[in-house]
Amino acid sequence: MAANTVTPALPVPATPTAPPVPTATSGATSAATSAATPKLALPLPVLHATVLDWYEANARDLPWRTPDASPWAVMVSEFMLQQTPVKRVLPAWQAWMERWPTPADLAAEAPGEAVRMWGRLGYPRRALRLHGAAVAITEQHGGEVPDDHATLLSLPGIGEYTAAAVASFAFRQRHVVLDTNVRRVFARAVTGVEYPAQATTAAERRTATALLPEADRTAATWAVAVMELGALVCTARGPECGDCPLFTSCAWQRAGCPPYEGPARRGQSYEGTDRQVRGKLLAVLREAHGEVPQARLDAVWPDAVQRARALDGLVSDGLVEPVEQGVYRLPQ
DNA sequence: CAGGCGTGGTG
DNA sequence: TCACCAAGCCT
């Protein structure tokens with residue numbers, strides 16, 4: 001927002017354009033390599049202006065970012081965006097907001113309707129939790145999405161990230177908003193490694209805190225701007241470093257873009273897992289408006305043992321409701 | 001705290 | 001093609 005213009009010449013020590021070719025002879029140049037973390041070579045105000053200006057020029061206009069987007073609209077988007085790409089969230093969010101423009105509208109319906117409306121966004125427990133959050137907001141918070149971090153955190157489905165995101169994006173407060181995009185940007189630009197660790201570390205939180213602008217409004221825009229940079233330019237695969245406003249000061253770039261080294265990240269297998277079976281079972285329940293006989297569910301998966309285990313799991317999660325012996329439905 | 005939890009797109 | 005990835009949360 002606040003149009004700080006970037007000083008054209010970034011005070012970067014002698015690095016024109018090309019990444020420095022790491023010389024074979026390491027010694028000499030002090031560079032106590034692993035001793036100190038290679039900090040981002042940019043004064044804070046310049047860093048802020050650089051990223052904020054980039055955001056102003058490159059931000060996508062997403063409907064939950066418009067000035068008239070309600071806190072509820074922001075909150076719904078955050079639930080949907082937990083592990084689901086923007087492209088797939090867009091139409092689902094539109095439909096959801098048309099049907100349930102306020103928390104009270106959603107709270108008035110059965111949880112099963114939320115699960116059905118969730119469609120194929122994945123991780124349907126989020127739908128149940130969003131419904132639960134809407135009920136809590138309606139019954140305990142006067143129907144208004146809470147504006148403080150601690151209260152948001154107490155709602156079902158809202159963890160550290162989402163609480164910070166809603167407080168920041170919807171209420172323009174100053175919070176460390178640390179999602180996978182932000183963590184990757186800082187890992188590269190500040191720490192000089194391709195990928196952050198699997199779990200968020202205290203060091204990352206310290207780094208993010210140190211870089212956060214002082215003013216509330218600026219910090220809020222900074223948070224979404226760094227996320228956007230991670231989503232559009234500093235991507236996990238095939239980052240567009242040539243388009244990055246931090247190119248010349250990026251620690252990873254300066255180190256010559258060293259590839260990730262570390263334990264192989266566990267790939268989430270899917271074929272043949274209970275998750276796949278749960279998905280198939282729930283798809284049948286979603287599409288059938290009403291009660292579903294056992295036989296319909298039995299048809300989706302050959303292994304009776306695994307099928308029963310998956311269905312049990314859905315029931316204990318509250319995603320499926322047994323009506324009577326051999327009859328199921330979405331929760332009323 | 002590592003692992004479970006959906007679904008679809010892509011390099 | 002087939003891992004890997006996508007604005008995490010919960011136990």
Side-chain angles (χ1 to χ4, degrees), chain A residues 55 59-60 62-65 73-93 115 118-130 132-133 152-170 175-185 194-202 208 220 223-232 234-240 260 263-286 300-301 306 309-310 312-314 316-320:
Chain A
Y55 179 71
R60 293 166 291 182
L62 301 171
W64 48 84
R65 283 186 188 160
V74 172
M75 185 174 141
V76 170
S77 79
E78 289 302 333
F79 268 76
M80 291 184 170
L81 288 165
Q82 292 169 2
Q83 300 283 276
T84 303
V86 168
K87 180 177 182 173
R88 284 174 50 210
V89 163
L90 236 20
W93 180 90
V115 174
W118 197 254
R120 305 189 66 80
L121 284 181
Y123 295 142
R125 293 193 290 197
R126 290 182 291 167
L128 223 43
R129 290 170 184 155
L130 181 50
L152 286 165
L153 198 52
S154 75
L155 297 173
I158 296 192
E160 176 57 41
Y161 161 76
T162 304
V166 172
S168 183
F169 304 156
H175 292 281
V176 169
V177 179
L178 217 44
D179 79 321
T180 186
N181 288 304
V182 175
R183 294 185 61 216
R184 188 176 53 249
V185 170
E194 186 174 17
Y195 297 121
Q198 289 201 194
T200 305
T201 64
V224 70
V226 177
M227 279 180 61
E228 191 78 336
L229 186 60
L232 298 183
C234 192
T235 52
R237 282 180 301 182
E240 308 278 358
Y260 172 80
R265 281 103 82 234
R266 72 168 194 286
Q268 19 173 254
S269 55
Y270 185 64
E271 280 300 315
T273 62
D274 286 6
R275 291 160 77 175
Q276 185 182 21
V277 184
R278 287 168 57 109
K280 288 179 176 297
L281 291 172
L282 204 54
V284 171
L285 274 297
R286 270 198 315 263
V300 307
W301 197 256
Q306 188 178 22
R309 185 174 63 229
D312 276 354
L314 289 170
S316 60
D317 283 348
L319 283 163
V320 173

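Proteins come first, then strands; the chains are lettered A, B, ... in the order of their sequence lines, and each starts at number 1. Values below: every heavy atom of this structure, side chains too, minus hydrogens, waters and symmetry copies.
- Scanning for salt bridge (charged side-chain N to carboxylate O under 4.0 Å, His left out) contacts around Asp179(A) gives an empty result, with sequence neighbours left out.
- Atom-to-atom, OH of Tyr161(A) to P of dC9(C) comes out at 8 Å; the value is rounded to the nearest Å.
- Taking the P atom of each, dG4(B) and dA7(C) are spaced 22 Å apart, rounded to whole Å.
- Following rounding to the nearest Å, Asp179(A) (CG) and dC5(C) (C1') show an atom-to-atom distance of 14 Å.
- In the set dC9(C), dG8(B), dA7(C), dG8(B) carries the atom at the smallest distance from any side-chain atom of Arg88(A).
- Taking the P atoms as reference points, dC5(B) lies 23 Å from dG9(B), given to the whole Å.
- Using a 4.0 Å heavy-atom criterion, one finds that Arg286(A) contacts the sugar-phosphate atoms exclusively.
- Of the candidates dG6(B), dC5(B), dA7(C), the closest approach to any side-chain atom of Arg125(A) belongs to dC5(B).
- Atom pair Leu281(A):CG and dT7(B):P shows a separation of 10 Å (rounding to whole Å applied).
- In terms of phosphate contacts, Tyr270(A) brings a side-chain nitrogen or oxygen within less than 4.0 Å of OP1 or OP2 of dT7(B).
- The distance from the CZ atom of Arg129(A) to the OH atom of Tyr123(A) is 11.0 Å, given to the nearest 0.5 Å.
- Nearest to the side chain of Thr180(A), among dA7(C), dG6(B), dG8(B), sits dA7(C).
- Within 4.0 Å of Trp118(A), counting heavy atoms only, lies no atom of the nucleic acid at all.
- The shortest side-chain heavy-atom distance between Leu281(A) and Val277(A) falls under the 4.5 Å cut-off.
- Summarising the geometry, atom CG belonging to Leu229(A) is positioned 11.5 Å from atom OH belonging to Tyr55(A); distances are rounded to the nearest 0.5 Å.
- The side chain of Pro85(A) lies closest to dA6(C) when the candidates are dA7(C), dG6(B), dA6(C).
- Between the side chains of Gln82(A) and Tyr161(A), no donor N or O sits under 3.5 Å from an acceptor N or O.
- Among the atoms of the strands shown, base atoms are found under 4.0 Å from some heavy atom of Thr84(A).
- Here the separation of dC4(C) from dG3(B), taken at their P atoms, is 15 Å to the nearest Å.
- Residue Met75(A) holds its CE atom at 5.5 Å from CG of Leu155(A), rounded to the nearest 0.5 Å.
- Residue contacts shown for Gly159(A) are limited to sugar-phosphate atoms, with no base heavy atom under 4.0 Å away.
- No donor-acceptor pair closer than 3.5 Å links the side chain of Thr84(A) to the backbone N or O of Leu81(A).
- One atom, CZ of Arg278(A), and another, P of dG6(B), lie 4 Å apart when rounded to the nearest Å.
- Here dC9(C) presents its P atom at 18 Å from CG of Leu319(A), a figure rounded to the nearest Å.
- Among dA7(C), dA6(C), dG6(B), the nucleotide with an atom closest to any side-chain atom of Ala236(A) is dA6(C).
- In the set dA7(C), dC4(C), dG6(B), dC4(C) carries the atom at the smallest distance from any side-chain atom of Arg237(A).
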Test Arg183(A) against Leu178(A) for side-chain contact (heavy atoms from CB on, under 4.5 Å), laying out the working first.
CA-CA 6 Å; Arg183(A) 294 185 61 216; Leu178(A) 217 44; 3.8 Å; yes
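- Arg60(A) contributes atom CZ, which lies 4.0 Å from atom CD of Glu228(A) (distance to the nearest 0.5 angstrom).
- Val224(A) comes within 4.0 angstrom of nothing in the nucleic acid, heavy atoms only.
- Within the nucleic acid shown, Ile158(A) comes within 4.0 Å of sugar-phosphate atoms alone, with no base atom in reach, counting heavy atoms only.
- In this entry the distance linking CZ of Arg184(A) with P of dA6(C) reads 5 Å, nearest Å.
- At the heavy-atom level, Arg65(A) lies under 4.0 Å from base atoms of the strands shown.
- Rounded to whole Å, the P atom of dT11(C) lies 14 Å from the corresponding atom of dG6(B).
- With DNA chain C read from its 5' end, the first of the two nearest nucleotides for Arg129(A) and Leu62(A) is the one closest to Leu62(A).
- Residue Arg126(A) places none of its side-chain N or O atoms closer than 4.0 Å to OP1 or OP2 of dT7(B).
- Atom pair Leu90(A):CG and dA7(C):P shows a separation of 14 Å (rounding to whole Å applied).
- The distance from atom CG of Leu152(A) to atom P of dC9(C) is 12 Å, rounded to the nearest whole Å.
- Within residues 74-83 of chain A, the residues approached by DNA chain C to less than 4.0 Å at the level of any non-hydrogen atom are Glu78(A), Leu81(A), Gln82(A), Gln83(A), in residue-number order.
- Residue Ala199(A) is the one, among Ala199(A) and Thr273(A), whose nearest nucleotide of DNA chain B lies closer to the 5' end (criterion: closest heavy atom).
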